[in-house]
Amino acid sequence: MSGDVRLDDAGPETTAIEAARPRERSSLARGADILIRTLTPVLLALVTGGIIIWTMGVNPLEFYGDIFYLGVAGTGWQKTLTAMAPLLMIALGLIIAFRAQLWNLGYTGGYLLAAAVVAGISPDVMSVLPFGVGVIVLFAIAIIIGMILGFLPAFLKARYGTNEIITSLMVSFIAISLANILVKGPFQDRDVTVPQTRVLPLDMMLPYIPGTRVHVGFIIALVAVIGFHFLLMKSSFGLKVDILGASPKAATHAGINAKKMIMIVFLLSSGMIALAGAIDMMGLWGYMRTNWNPGYGDKILPFVFLARLNPLGSIPLVAFYAILATGGTIAAQQAGLSVDFLLVIVALILIFMTVIEFMGNRRDLGKSYLPAGLFKSKKAEASA
Amino acid sequence: MIEFFSETFLTAFIVAVLASSIPLMLAAIGETVGEQAGVLNLGIEGLLLIGGYFGFIGTLSTGSFWIGFLYGMLAGIALSIVMMVLCVWLGLNQIVVGIGVILAGTGVSSVLYDFNFASTKPRLGLDTPWRIPFIADIPVIGPGLFSQPGMFYISVIIAVLVSIWMYRTTSGLRLRSAGQKPASLDAAGGSVLRTRSFAVLFGGAMSGLGGAYLALISAGTYTPGMTNGLGFLAIVVAMLARGRLTWVALVSIIYGLFIAMGTVLQLTTLDIPIDVVHMMPFVAVLIVLTLFTRRSALPPALAIPYVRGAR
């Protein structure tokens, strides 16, 4: 273990602490530990979910087999990668906020309002501006919409400490209604009977990655995730975010402007989530209907926690959910189940995850903030 | 054209206001009790939906509205047990588990409804109102207020009793101290664990009742996702009321007014889109939150698991 720590001239206190310190494990053992902690909740959730659908008269093995087959085999993997583009962006937005312990739960509204606006104006913007410029302008508009939505919760949190869960949720509901109002009102395509926006012509949408039918939004999302991984894990900005998350008081004490950081983190988070809406509209859908809500954020949330708020770590988990969603939607319809069955699986993952975390951390719980051997030495002093 | 300010219209208006405010009030009472005990139950939305679904099942299968309410309440308690075990007993993150409860409640109720009723979509009849003799004969407010389903009166009584319990009894004091300073409750010989466990289950029961009220009385049927954010509004109401039950009732009635006004405006020639109506309560709440936000709005120990001896 820590061979470079010299204990020769250390006092009894330090020696006691160092002796009681748990051995540092090899990176392999730690990796295995993380893998087990990540996979167990997923497996338990799938097993429990399987039992539930079995009682409803659906063969769980066949059902899961169908999900995997539909999500991966044939052209399934291309659909899965396409689905990953917005999911990765939303996951990234959540990770940014959650790392600072800011609970930005306004993801649904941010995604939908940005999607509605982009769907509504993209046919005009794309036909006026050159392709690349148009895409950048639309992406920028989406990010700005997200930031506007994120501003009020962020400001109230930074200025008055108002609970951001509530304010972001309220803003989210307002944004969902606004998106519907826009799609039914100014952005509605009068040529079709169903309230929906004009359809963006295929040649104005994001191009496919050569050789596949996966649009480049997937690459954009991947680059954003990797970029933010290094920003959050390696830069001083990331460290500031983590300190803010650990304790806003400590952050202020360390000379970090907590209020400014809250604003920056919240706006970045909301902006990335809104960008997901733009990428999804420009890449996959091309138009938006009223009351359309894929509910990405709710379902990706547990996987963000499972990834330990690590952007790179979220990629395989988002891929797993994308398979589950792509295959699961069709498989559920075939089996006569509600698509909301996915919500049950996701909820089970979330609940099992917290339990597994608890079991893994139980022994550290009481000790984490008290130095080892503290009580012992105090007792020894008292008896002396 | 409808005759506004006619007697029947005003009565119908009062009934509509109460039909929207009671579910919110019940859920907000449950949330208030939880918050005052230091447990932030984010899962109200899921609890309302599950309570609504099982209440619907209960009334549909037995024909009795009381059994429906009982089922709804029990379903709310059952789902709250998850929250109690994970958050109170094991001290896990209340926000994460709360989101889990939302997803579980929404998912389970929607899957079960689709599985059982997707093709039939049954509706329930009307609950026979309890007419309170003499005062029910007062014009307008008589039929509006005193000829309501039995559960309406029970809900009002619950609100009064909870208010008395929280501020006039020892166990109410214990409840509030668990949210203010759990360590002092522990030192005084009370059990933080037991107090908070009870608060969580009580909150679940209230939300289950609220969901059942929404399905059985307000809507007359159950549809997946029928709450539309009502559970989150309940959390806001509880936060704005800061533990005062009169405020919970007042804010709930204002919400009911908003919803009923929206329905009325739709009947007029103004042609206000339904989405604007849906949006109004959230806008109102956001304005209130922005103008009246204060730091001390919540119990200090809210959402912090109690670990004995921790500093």
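Each chain gets a letter, A, B and so on, in the order its sequence line appears, and its residues count up from 1.
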At a 4.5 Å cut-off on heavy atoms, which part of [X] comes close to chain B: side chain, backbone, both, or neither?
X: A/I52; answer: neither
X: A/L301; answer: side chain
X: A/K299; answer: neither

Interface residue of largest heavy-atom contact number with chain A, from [options], under 4.5 Å:
options: B/G46, B/S110, B/G229; result: B/S110
options: B/V108, B/V96, B/V97, B/L40; result: B/V96
options: B/L286, B/V82, B/L42, B/T106; result: B/L286
options: B/I95, B/I235, B/L112; result: B/I95

Given the side-chain rings of [X] and [Y], with only the six-membered ring counted for Trp, is the space between their centroids under 6.0 Å?
X: B/F117; Y: B/F56; answer: yes
X: A/F266; Y: A/F151; answer: no
X: A/F341; Y: A/F63; answer: yes

Discussion item. For A/M56, I'd like to know if atom CE has over 12 heavy atoms of other residues, nucleotides or ligands within 6.0 Å.
Written reply: yes

Discussion item. Could you check whether atom NZ of B/K181 has more than 12 heavy atoms from other residues, nucleotides or ligands sitting under 6.0 Å from it?
Written reply: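 Open.
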
Worksheet entry | Lys NZ or Arg CZ of A/R289 over A/W292 ring: under 6.0 Å, within 45° |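 That pair does not qualify as a cation-pi contact.
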
So which of [options] has the largest heavy-atom pair count under 4.5 angstrom toward chain B?
options: A/N291, A/L337, A/I351; answer: A/I351
options: A/V171, A/V344, A/L348, A/T167; answer: A/V344
options: A/I166, A/I345, A/I165, A/I174; answer: A/I174

Discussion item. Side chains of A/L105 and B/I99, heavy atoms from C-beta outward: is any pair under 4.5 Å?
Written reply: yes

Of the backbone (N, CA, C, O) and the side chain (C-beta and beyond), which part of [X] lies under 4.5 Å from a heavy atom of chain A, both, or neither?
X: B/I102; value: neither
X: B/L86; value: side chain
X: B/V285; value: side chain
X: B/V85; value: neither

Discussion item. Under a plain distance cut-off of 3.5 Å, with no hydrogens placed, do B/Y222 and B/S109 share a side-chain donor-acceptor pair?
Written reply: yes

Worksheet entry | Among A/L182, A/I176, A/V117, A/V183, the one residue meeting side-chain contact (heavy atoms from CB on, under 4.5 Å) with A/L112 | A/I176

